[in-house]
Amino acid sequence: MLKIYNTLSKQKEEFKPINPPNVNMYVCGPTVYDYFHIGNARSFISSDIIRRYLEYMGYKVKFVMNLTDVDDKIIKKSNEEKIDSKIIAEKYINAFFEDVEKLKMKKADIYPKATEHMDDIIEMIKELEQKGFAYNVDGNVFYDVGKFKEYGKLSGKKIDELESGSRVEVNVEKKNPLDFALWKKAKEGEPYWESPWGNGRPGWHIECSAMSCKHLGVPPNGGIDIHAGGNDLIFPHHENEIAQSEAANGKKFVNYWIHFGFLNLDNEKMSKSLGNFFTARDVLKKYSAEAIRLLFAQTNYGGPLNFSDELLSSAEKGLEKINNLAQKIEDEIKTNSKESINPDFDFQKYENEFTRVMDDDFNTPQGVAVIFDFVKEVNRTISENENINVKFYKNAKSFLEKTAEGILGILDFDNLSKTSDGKLEGDLIEFLIQLRTDAKKEKNYTLADKIRSELNKLGVVLEDSKEKTTYKITRTKNQAAN
RNA sequence: GGCGCUGUAGCCAAGUGGUUUAAGGCGAAGGUCUGCAAAACCUUUAUUCGUCGGUUCGAAUCCGACCGGCGCCUCCA
C-alpha cells in the first residue's frame with residue numbers, strides 16, 4: 001500500500017487514485033528564459049522517479065509538465081538581448097528537452113505551453129469573473145482572494161496575518177494586497193494577446209490552472225491525483241492555483257500535493273536570483289546522469305540537500321559498484337554455457353523489500369540501500385560458488401532492470417562502458433589482452449604490467465580473474481572529475 | 001512576527017516508541033584472493049542520535065524548554 005506525504009494535510013495518506021488504474025500527474029515545469037539549474041533538476045528527477053514507480057505498480061500514468069513561455073523574465077531577457085521573446089522561449093525549450101534527455105528522464109505525455117492555451121486561460125478568467133472571484137481594473141484583472149474562504153489551506157497561512165506583513169507589495173489597484181493578477185494589461189513593447197479586457201497576457205498562476213484542467217480534466221471523469229513542484233511554489237503559486245481552480249470548477253483541484261526540498265550550496269538555497277547555481281548541463285559535463293540521480297535518490301525528496309563536488313564524486317564511486325556487477329552479469333549472459341548449479345537466492349525477497357520501502361512515501365534512500373544489499377549478496381554468491389549457470393545471472397539482471405534502471409534510473413544496461421565502444425576498438429583491446437596473457441605465461445611481468453598501465457592511461461582498466469582477463473572503459477566523466 | 005523544514009559516525013544519509021546496544025553510500029584500517037594490481041568478498045570504524053529536563057516497563061523516536069542551521073511569507077524547483 002502506497003503512502004504519500006500530502007502537503008495539504010501535512011501527513012502521510014494512503015494513495016487512492018480518482019479513476020484507477022489511471023493516475024493523473026501534473027508537475028510545474030520551467031520558465032524558459034535560461035538553462036535550468038541542478039536544483040530545478042532535483043524536482044524534475046524526483047517527479048520522474050515517482051512517475052516511474054507508479055508505472056511499475058501498474059498504474060497508467062498521464063504525466064503533464066507545463067512550459068511557461070510567456071513571463072516577465074522572458075520579456076526582460078528579450079528586451080536586454082533585443083531578441084524576440086518567442087525566439088528566447090524556443091531556444092530554451094529546445095535546451096530543456098536536451099537536458100531532460102541527458103538526465104535520463106522519461107518524457108512527459110504532454111508539455112503544454114502557455115502561449116498555446118490562451119483561449120483556455122481566457123475562458124477560465126471569464127468563469128472566475130462571472131462567479132465573482134475576479135475584478136477588472138482598467139484592463140488588469142485580479143483574483144479577489146477575500147472571496148475564496150479556504151485561501152491559505154495549502155500553505156497554512158492566514159489572510160489577515162499575510163495582510164499585516166509589510167513585505168507584500170502595495171498596489172493601489174488591488175482591493176487586497178494579496179490579490180494576484182489573472183490578466184496583465186500589455187505595456188508598450190510587450191507581447192500581448194487579445195481578450196475581453198483588452199490586450200494583455202496571463203498572470204503566472206492562471207496558466208497552470210487552465211492547462212492542468214484542460215489536459216487532466218475535472219472529477220469525476222478526470223482530475224489531478226498528484227501535483228508536484230518545489231517547496232518554494234507552495235506559496236503563493238500553488239495556493240493561488242487552488243483558489244483559481246476550485247473557484248472556477250467548484251471541485252477539489254488536487255488530491256495529493258508533493259513538494260521537493262531545495263538543493264543548497266554551502267547551506268544556502270541554490271537560486272537564479274542569488275546567483276549561486278550550476279546549470280544542469282554544466283554538471284552533466286563532469287558527472288554522469290546516473291550519479292546525479294543516485295545522489296538525489298540517496299536523500300528523501302522533501303528535505304534539503306547540500307550540493308557539492310564531493311558528494312557527486314562519492315555517488316559516482318558508489319555507482320561503479322553497481323556497474324561492475326551489471327557488466328559482469330552481461331558478460332556471463334553472453335558467454336556462460338555452464339550447465340551446473342543454480343544457487344539458492346531469493347530474488348523475490350529483494351523485490352518485495354524494495355517495494356515495501358518505496359511504498360512508504362517513495363523512500364528512495366532505503367530503496368537504494370536494498371539495491372546495494374542486493375549487489376553485495378549477488379557478489380558474495382558469485383565468489384562462493386564455482387559454477388553458476390546463466391539463469392542466476394538473468395534473474396539478477398531482471399531485478400536490477402526493474403529497480404535500479406527502471407525506477408531509479410541509476411543504471412543503464414544498454415550503455416555500459418564496454419558495449420558502447422566500436423567493434424574495432426574492442427577487438428584491439430582483446431588483442432592486447434591476449435598479448436599480455438601470453439607474456440604472463442612466460443612470466444614476462446614487465447611487459448604484462450606495461451600493457452596494463454598503458455591501457456589504464458587510455459582509460460581501459462584490465463581486471464584479472466582466475467579464468468580470464470576482462471576490461472572496462474572508465475567513464476570519461478570520471479576522469480574529468482579526477 | 002507567522003508558517004514550515006532541519007540538527008544521527010571523518011563526510012553524506014535512513015530510521016520516528018520495543019524485531020535497531022541505529023540501514024545504506026563515500027572515506028579509513030586490517031585480512032582473503034592475485035606474480036603484482038584491480039575488482040569482489042570478510043572484519044573493524046556512533047553503547048550513541050544538538051543540549052537539558054519530563055512521560056513510559058522501554059525513546060534517536062512522544063512532550064516541554066533551550067541552542068544552532070535553512071526556507072517561505074516578493075519572481076524562484
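Every chain is numbered from 1 and lettered A, B, ... according to where its sequence line falls, protein lines coming before strand lines. These figures come from a predicted structure and were not determined experimentally.
- Here B:C42 is the nucleotide among B:G69, B:C36, B:C42 with the atom lying nearest to any side-chain atom of A:Lys376.
- A close approach under 4.0 Å does occur between a side-chain nitrogen or oxygen of A:Asn363 and OP1 or OP2 of B:G15.
- Within the 4.0 Å cut-off from OP1 or OP2 of B:C26, at least one side-chain nitrogen or oxygen of A:Lys321 is found.
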Look for any protein N or O under 3.5 Å of an N or O in nucleotides 11-13 of chain B and output each such pair with its distance, or none.
from  : atom 1 : to       : atom 2 : distance (Å)
B:A13 : O2'    : A:Gln298 : O      : 3.4

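- Under the 3.5 Å distance criterion, with hydrogens and angles disregarded, no donor-acceptor pair is assigned to the side chains of A:Ser314 and A:Glu310.
- The aromatic rings of A:Tyr143 and A:Phe180 sit parallel to each other, their planes meeting at less than 30°, with 60° as the upper class boundary.
- For B:G71, the base is not stacked against the aromatic ring of A:Phe262, per a cut-off of 5.5 Å between centres and 30° between planes.
- The shortest heavy-atom contact between A:Leu2 and A:Met358 is CD1-O, 3.9 Å.
- Minimum atom distance to the side chain of A:Phe235 is reached by B:C73, of the listed B:C75, B:C41, B:C73.
- Of the two residues contacting RNA chain B, namely A:Gly303 and A:Asp373, the nearest-nucleotide position lying further toward the 5' end is that of A:Gly303.
- A:Ser155 and A:Glu239 share a donor-acceptor pair across their side chains, judged by distance under 3.5 Å alone.
- Within the 4.0 Å cut-off from OP1 or OP2 of B:C72, at least one side-chain nitrogen or oxygen of A:Lys269 is found.
- Close to B:C72, at under 4.0 Å from its OP1 or OP2, lies no side-chain N or O of A:Asn231.
- Side-chain contact, A:Thr364 with A:Gln298: no donor N or O sits under 3.5 Å from an acceptor N or O.
- Between A:Met270 and A:Tyr5, the residue anchored closer to the 5' end of RNA chain B is A:Tyr5, taking for each the nucleotide with the nearest heavy atom.
- Remark: B:C5 base-pairs with B:G69; criterion is Watson-Crick or G-U wobble with both hydrogen-bond distances under 3.5 Å.
- For B:A38, the OP1/OP2 oxygens have no side-chain nitrogen or oxygen of A:Arg452 closer than 4.0 Å.
- The existence of a salt bridge linking A:Arg436 and A:Asp464 is confirmed by a sub-4.0 Å separation between a basic side-chain nitrogen and an acidic carboxylate oxygen.
- The closest side-chain heavy-atom distance from A:Asn267 to A:Asn306 is below 4.5 Å.
- With a cut-off of 3.5 Å on both pairing distances, B:U16 has no Watson-Crick or G-U wobble partner at all.
- Of the C1' atoms belonging to B:U8 and B:A60, the separation is 7 Å, rounded to the nearest Å.
- Closest contact between the side chain of A:Val461 and the listed nucleotides B:G25, B:A38, B:C36 involves B:A38.
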